[in-house]
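What follows is one structure encoded as structure tokens, with my remarks underneath.
What you see below is based on every heavy atom in this structure, not just the backbone, and it leaves out hydrogens, waters and symmetry mates. Sequence lines set the chain letters: A, B, ... in the order given, protein chains first and strands last, and positions in each chain run from 1.
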4 protein chains.
Amino acid sequence: MAETPPDARRRNECARNAILDATVSLIGEVGYANVSIEAIARRAGVGKQTIYRWWPSKGAVVLDAATRSLDPVVLLPDTGDFLDDVRAQLKGIVERIADTGFGAAYRGVIAAGQSDDTLLEAVFDRIIEPNVGAFVARAARARDRDEIRADADVETLADVLYGFVEFRLLHALPVDPRHIDALVELAFRGVR
Amino acid sequence: MAETPPDARRRNECARNAILDATVSLIGEVGYANVSIEAIARRAGVGKQTIYRWWPSKGAVVLDAATRSLDPVVLLPDTGDFLDDVRAQLKGIVERIADTGFGAAYRGVIAAGQSDDTLLEAVFDRIIEPNVGAFVARAARARDRDEIRADADVETLADVLYGFVEFRLLHALPVDPRHIDALVELAFRGVR
Amino acid sequence: MAETPPDARRRNECARNAILDATVSLIGEVGYANVSIEAIARRAGVGKQTIYRWWPSKGAVVLDAATRSLDPVVLLPDTGDFLDDVRAQLKGIVERIADTGFGAAYRGVIAAGQSDDTLLEAVFDRIIEPNVGAFVARAARARDRDEIRADADVETLADVLYGFVEFRLLHALPVDPRHIDALVELAFRGVR
Amino acid sequence: MAETPPDARRRNECARNAILDATVSLIGEVGYANVSIEAIARRAGVGKQTIYRWWPSKGAVVLDAATRSLDPVVLLPDTGDFLDDVRAQLKGIVERIADTGFGAAYRGVIAAGQSDDTLLEAVFDRIIEPNVGAFVARAARARDRDEIRADADVETLADVLYGFVEFRLLHALPVDPRHIDALVELAFRGVR
DNA sequence: TGGTAAGCGAGACGGTACGTCTAGTCTTATA
DNA sequence: TATAAGACTAGACGTACCGTCTCGCTTACCA
């Protein structure tokens, strides 16, 4: 969420951190839907106005909290083996989702985005696009090196890969490395 | 949402219909997030208790409203050409999502499900599973007829197909028939 | 409350008793204000309609419950000593109020009567008037026997005596025999 | 009702007045029992929370409304004639009860007090005690001047006088100056 | 260096909706 | 036809938050 602040120079980093910390801990304790701006302010020892001054909505705070000081792009390495690299990235994403409160926050923000276009775009720009972007760039190199066919439909591939993961996440279905292997196997059949 | 009624025999069908009608029209007018139980009751000319008596949450009402008297399973025909049939089903789903308020309701219910496990399961059982089930059954026949390879990973295929559609829907990306063609082309490469 | 029933012949005495019993026990447990028709019906194992059929309001039920099978007139004996007799009656009233749930019920019914004229009249007719009536009758005899002066203002006397007791009851002030003695002493000064 | 405010300095006098005004007018229109906090808030153009923030119950609001900016002590003058002074005060009370909505409010608050000890005490402290206090003080002077006998039971006298008036008020019996004359005549017989 | 304009914690405010409770009416099935 | 049961419309209850708005206080910037 691109906060366009009244005067960012005067911003109190201390309060900002307290708010994001409180947000993270609250989501972990009661879940996204039960977190309120009031509760965040209370927990952070902060006036409500300080939150409203810098963020337009609860979703925006949560998005900031989830991605703060945390590279949302799970590295897509370049080992020379495209499929291995893709598997590595997807498994990295799966791990991040599973291990931390990030998964809960992500699900909550996607939910909130269903009735807040700006937030939905922000989620896309801050979390999805970077990953897809890295994938597309890596795919271009793979094509140059003839790891995949020249006519491979990279965009559809991206939607398939990230759609699969999000589908299972949002429907509370388990996602583990074996799912990723099966996914990559299926998606890259005939493209290799 | 399987309403487990106090005594379903005594239920007033008239009130039930008024509630579901009001729900549908309200979602169309102000969107899922801005619909309240109070507003539904007001619009339906019904006491709030009558809603709380039969449904556990707003999401459950909306799910009922979205699937009432409306087969949520888009027919997966059996023309003999498996891929054509799959394309037909997926395009049917896309149409349903695009043309009616069903898309808005579905997005809302998925969002609500992120903080309500029971609702999320109900969505799966009532909307997703029937479609996936039809796909899996059709796939079994296709395998018998050697339309697809015997070792095709049907479950992953299902997640890929429906995950792709849901991913684009939830991120407010357009989904049109050309996307479906590209998706099916990619998913069935090497499986055919 | 004079219930003018649809057809009293058909009345189920069993239900009537269950209702009045439930009312008494509920007032004892949670106080007049927290007793509801619903709770009485629940406790009595009776349909709400059965209550509404026979009584016009909660207060009427309570009044019936408080005075059922219980002579609300505390005997005003005739020992020949008027003041002694009055003291005996008043102390009897005080005892009844103090010892049983009758006090709580009476206070509740008076409270309810402040917004229900019919109930207020019923309370007067069923509880106050009989006591006052006995007092007036006894006073007449006392006058005949020259126990009190011929010009004694009996009506004001009655209001003073019963008003004093009710005042202390409604303001949760203690009322004990010594108060009664002081009251009678004061009220009959110069009348004797 | 002694409101123990969260922070009285921040209190909005404007809202306070709107609430008390609305309360007075509503009691006049529909009677104490039919006044609800919701209706007061609606009429006053105020959030319900603003009422709950400063008052613990409807009764407390009504008590404040009834006694605001209104000396609850009806002057007990000191003309030198004790009985005349008492008559003047009692007739003043009767007038106030009869002429304004104060009577309805008072009856309602007494009724509410029967299931709310705090409120009942507040009524006593704010309305009854001041009047009784003035009476007792005046009686002491009267005793000093030998207007009444030294052994007069002033406390019982007070209960008799105010009990008489309240008794007739709560039972919807008329109270007019002649009743007061008779009462005073009776109460002070033999004390003079 | 003192004035002024933010940002800050705090929390009252007008509101909306929550989920629960009860009122009083109506319907159904049983006896 | 009276009853137990309980669904129905209606609406108040008291609570939780919303987003806005002061209040004093502190903290930087600028004159």
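In terms of position on DNA chain F, the residue among A/R42 and B/N12 whose nearest nucleotide sits closer to the 5' end is B/N12. Each of C/K58 and D/E38 was assigned the nucleotide of DNA chain E with the nearest heavy atom; the assignment lying further toward the 5' end belongs to D/E38. Residue order along DNA chain E, read from the 5' end via each residue's closest nucleotide, puts D/A44 first among D/A44 and B/V35.
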message = As a quick check of understanding, evaluate side-chain contact (heavy atoms from CB on, under 4.5 Å) for D/S115 and C/N34, giving each step before the final call.
response = CA-CA 9 Å; D/S115 51; C/N34 298 316; over 6 Å; no
message = Apply salt bridge (charged side-chain N to carboxylate O under 4.0 Å, His left out) to residues D/R126 and D/E121 and explain how you reach the verdict.
response = CA-CA 8 Å; D/R126 299 257 300 264; D/E121 272 174 51; over 6 Å; no
request  = Check step by step if salt bridge (charged side-chain N to carboxylate O under 4.0 Å, His left out) holds for B/E38 and B/K58.
outcome  = CA-CA 10 Å; B/E38 300 237 320; B/K58 182 177 77 167; over 6 Å; no
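Listed here is the closest heavy atom pair of C/A105 and C/V62: CB-CG1, 4.1 Å.
The shortest distance between the side-chain N/O atoms of A/W54 and the OP1/OP2 oxygens of E/dC8 is below 4.0 Å. Considering only side-chain N and O atoms, D/T50 lies under 4.0 angstrom from the phosphate OP1 or OP2 of E/dG14.
Taking the charged nitrogens against the carboxylate oxygens, C/D21 and C/R68 do have a contact shorter than 4.0 Å, which makes a salt bridge.
Atom-to-atom, CZ of C/R16 to P of F/dA2 comes out at 17 Å; the value is rounded to the nearest Å. One interatomic measurement links the two molecules: CZ of C/R53 to P of F/dA2, which rounds to 6 Å at whole-angstrom precision. Counting to the nearest Å, the P atom of F/dT22 and the CD atom of D/E13 are 17 Å from each other. Between D/L26 atom CG and F/dA12 atom P there is a gap of 11 Å when expressed in whole angstrom units. Put simply, OH on D/Y52 is 17 Å from P on F/dC17, counting in whole angstrom units. Going from atom CG of A/N17 over to atom P of E/dG7 covers 18 Å, rounded to whole Å. Counting to the nearest Å, the C1' atom of F/dC25 and the CZ atom of D/R10 are 11 Å from each other. Computed from coordinates, the C/I51 CD1 to E/dT25 C1' distance equals 15 Å when rounded to whole Å.
Evaluation of atom-type donor-acceptor distances gives no pair under 3.5 Å for the side chain of C/K48 against the base of F/dG6.
For B/A15, whose side chain is taken as the heavy atoms from C-beta onward, the closest listed nucleotide among F/dC13, F/dT9, F/dT20 is F/dT9. Of the listed nucleotides (F/dT9, F/dC18, E/dA10), F/dT9 has the atom at the smallest distance from the side chain of B/V46. With distances taken from any side-chain atom of B/S36 to the nucleotides E/dA17, E/dA12, F/dA7, the minimum falls on E/dA17.
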